[in-house]
Amino acid sequence: MAIHLTKESKILVQGMTGGEGMKHTRRMLAAGTNVVGGVNPRKAGRTVDFHDRPVPVFGSVAEGMDATGADVTVVFVPPAFTKAAVTEAADAGIGLAVVITEGVPVHDSVAFLDRARKRGTRVIGPNCPGLISPGQSGAGIIPADITKPGRIGLVSKSGTLTYQLMYELRDIGFSTCVGIGGDPVVGTTHIDCLTAFQEDPETDLIVLIGEIGGDAEERAAAYIRDHVTKPVVGYIAGFTAPEGRTMGHAGAIVSGSSGTARAKQQALEAAGVRVGRTPTETARYVLAVLDA
């Protein structure tokens, strides 16, 4: 099994005909993802060939859903148009919107996430790498060739660290890897993914990757303590971040001791989570738990 994305998922790509959309649609198709259409009102009715795989372009998400039965959209549009794109997808009733776009204004994210919640659309992102269920499907930019299917579930704020842990644990494999994004406001949280992995009978262990800033990891720790019975191994990026220094990542807001890597580590360890200080040490902890 997998969470949120399976081999049955039918995927639209909003912005498929742009440079990034074309590149990553090609990669998704090569990995076996069932991309059923693109969305671009100015190019509706055309077909794009990806290595002899024709993909139709629709004028709207609703039109694409009606024609193909699509239940997932991946958003590759510029920040200025992301709010409209996600709102359109939510109003069409799509089940999952994966928003890759970086640099979306926070007030736009707040608005489209509220609209999506009211319409019953799950949003992953913005500013995220997407998600992948190895051997089944991938929606976004996560490479499909660095791991294999397995029984580890992974949820991460960081795209790069998602890839690194996938590679470090490639011999074990993953049920689903979800990059939720590091912006201050995101649609799917650590807790959402923890809940889904806890309920997935083919996920045996969960890896949680966080980073300095905010309190998402502390809230996840409280949830793990009260609701998660499967083993969880964690990693927090930012142990070496200097105090009192402005940092560039959108979600990295630290006030006093709140939001520091050490505070997050303590909260997670108090909930029974083993926390590595490096990705490699984290991978070793995973192997130790699985071998126990």
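- Taking OG of Ser156 as the start and CG of Leu131 as the end, the distance is 12.5 Å to the nearest 0.5 Å.
- Looking only at side-chain heavy atoms (C-beta outward), Val55 and Met16 come within less than 4.5 Å of each other.
- Put simply, CD1 on Ile224 and CG on Leu194 are 5.0 Å apart, with the number rounded to the nearest 0.5 Å.
- Between Thr176 atom OG1 and Glu202 atom CD the span is 10.0 Å, to the nearest 0.5 Å.
- Separating the OG1 atom in Thr282 from the CD1 atom in Ile236 is a distance of 9.0 Å, to the nearest 0.5 Å.
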Practice problem: Please test Ile142 against Tyr163 for side-chain contact (heavy atoms from CB on, under 4.5 Å), starting from the C-alpha separation and ending with a verdict. | Solution: CA-CA 7 Å; Ile142 298 176; Tyr163 314 150; 3.9 Å; yes
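- When every heavy atom of Phe58 is checked against every heavy atom of Ala44, the shortest pair comes out as C-CB, 3.9 Å.
- Nearest heavy-atom pair, Ala267 versus Glu218, reported as atom, atom and distance to 0.1 Å: CB-CG, 4.0 Å.
- Shortest non-hydrogen contact noted between Val75 and Ala85 is CG1-CB, 4.1 Å.
- Between Ile141 and Phe76, the closest side-chain pair of non-hydrogen atoms falls below 4.5 Å.
- When atom types are taken as modelled, the side chain of Lys264 and the backbone of Gly213 share a donor-acceptor pair closer than 3.5 angstrom.
- For the 3.5 Å distance criterion, the side chains of Thr188 and Arg122 qualify, holding a donor opposite an acceptor.
- Leu290 places a side-chain heavy atom less than 4.5 Å from the side chain of Ile172.
- No side-chain heavy atom of Val57 sits less than 4.5 Å from a side-chain heavy atom of Thr47.
- Distance alone, capped at 3.5 Å, places no donor-acceptor pair between the Lys83 side chain and the Ser109 backbone.
- Side-chain heavy atoms closer than 4.5 Å link hydrophobic residues (I, L, V, M, F, W, Y) into clusters, and following such links, even through other members, never connects Met22 to Phe81.
- For the pair Val186 and Gly181, the tightest heavy-atom approach, listed with the atom from each and the gap, is CG1-O, 3.9 Å.
- Applying the 6.0 Å contact sphere to OH of Tyr223 captures more than 12 heavy atoms from other residues, nucleotides or ligands.
- Between Ile209 and Val155 there is no side-chain heavy-atom pair separated by less than 4.5 Å.
- Between the side chain of Arg170 and the main chain of Tyr167, a donor-acceptor pair closer than 3.5 Å is present.
- For the residue pair Asp192 / Thr195, no side-chain donor-acceptor distance below 3.5 Å is found, with atom types taken as modelled.
- Val72 and Val123 are members of different hydrophobic clusters when ILVMFWY side chains are connected at heavy-atom separations under 4.5 Å.
- Legend: residues meeting side chain to side chain donor-acceptor pair (under 3.5 Å) with Asn40, ordered by chain and number and at least two apart, are Thr17.
- Note that the CD atom of Gln14 and the OG1 atom of Thr73 stand 3.5 Å from one another [nearest 0.5 Å].
- A salt bridge does not link Lys230 to Asp204: none of the charged nitrogens lies less than 4.0 Å from a carboxylate oxygen.
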Practice problem: Apply the test side-chain contact (heavy atoms from CB on, under 4.5 Å) to residues Ile94 and Met65: give CA-CA distance (whole Å), side-chain angles for both, the deciding distance (0.1 Å), then the verdict. | Solution: CA-CA 8 Å; Ile94 201 132; Met65 291 174 64; 3.9 Å; yes
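- Between the side chain of Thr189 and the backbone N or O of Ile191, at least one donor-acceptor pair lies under 3.5 Å.
- Taking the centre and axis of the six-membered ring of Phe50, the NZ or CZ atom of Arg26 falls outside the cone set by 45° and 6.0 Å.
- By the rule that hydrophobic residues join a cluster once side-chain heavy atoms approach within less than 4.5 Å of another member, Val178 and Val185 end up as members of separate clusters.
- Under the 4.0 Å criterion applied to side-chain N and carboxylate O atoms, Glu269 and Arg274 are not assigned as salt-bridge partners.
- No more than 12 heavy-atom neighbours from other residues, nucleotides or ligands sit within 6.0 angstrom of NZ on Lys7.
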Practice problem: Could you go through the side-chain contact (heavy atoms from CB on, under 4.5 Å) check for Thr101 and Asn127 one step at a time? | Solution: CA-CA 5 Å; Thr101 309; Asn127 187 19; over 6 Å; no
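- Linking ILVMFWY residues whenever their side-chain heavy atoms come closer than 4.5 Å, directly or via other members, leaves Val77 and Val98 in distinct clusters.
- Using a cut-off of 4.0 Å between Lys/Arg side-chain N and Asp/Glu carboxylate O, Asp114 and Lys118 are scored as salt-bridged.
- One finds a salt bridge joining Lys157 and Glu217 here, because a Lys/Arg side-chain nitrogen approaches an Asp/Glu carboxylate oxygen to under 4.0 Å.
- Ser137 and Ser9 are not linked by any side-chain donor-acceptor pair at a separation below 3.5 angstrom, with hydrogens and angles left out of the test.
- In this structure, the separation between CZ on Arg277 and CZ on Arg262 is 7.5 Å, given to the nearest 0.5 Å.
- Under 3.5 Å, the side chains of Ser60 and Glu88 contain no donor-acceptor pair of N or O atoms.
- Heavy atoms from other residues, nucleotides or ligands lying under 6.0 Å from CD of Glu102 number 12 at most.
- There is no path of hydrophobic side-chain contacts, each under 4.5 Å, that joins Val99 to Leu5.
- Counting heavy atoms from C-beta on, the side chains of Ile11 and Val36 never come closer than 4.5 Å.
- Between Val286 and Val207 there is a side-chain heavy-atom pair separated by less than 4.5 Å.
- Of the possible donor and acceptor atoms, one in the side chain of Thr82 sits under 3.5 Å from a partner among the backbone N and O of Pro78.
- With hydrogens and angles left out, the side-chain atoms of Glu211 and Ser158 include no donor and acceptor closer than 3.5 Å.
- Contact record, Pro143 with Ile132: O-CD1, 3.9 Å, taken as the closest heavy-atom pair.
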Self-check item: Asp91/Arg119 under side-chain contact (heavy atoms from CB on, under 4.5 Å): CA gap, chis, key distance, verdict
Solution: CA-CA 7 Å; Asp91 287 348; Arg119 298 292 191 271; 3.1 Å; yes
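- The cationic group of Arg115 does not satisfy the cation-pi geometry with Phe112, failing either the under 6.0 Å distance to the six-membered ring centre or the 45° limit from the ring axis.
- Within the 3.5 Å criterion, the main-chain N or O of Gly138 finds a donor-acceptor partner in the side chain of Thr33.
- Nearest heavy-atom pair, Val74 versus Ile100, reported as atom, atom and distance to 0.1 Å: CG1-CG1, 3.8 Å.
- No side-chain heavy atom of Phe174 sits less than 4.5 Å from a side-chain heavy atom of Ser133.
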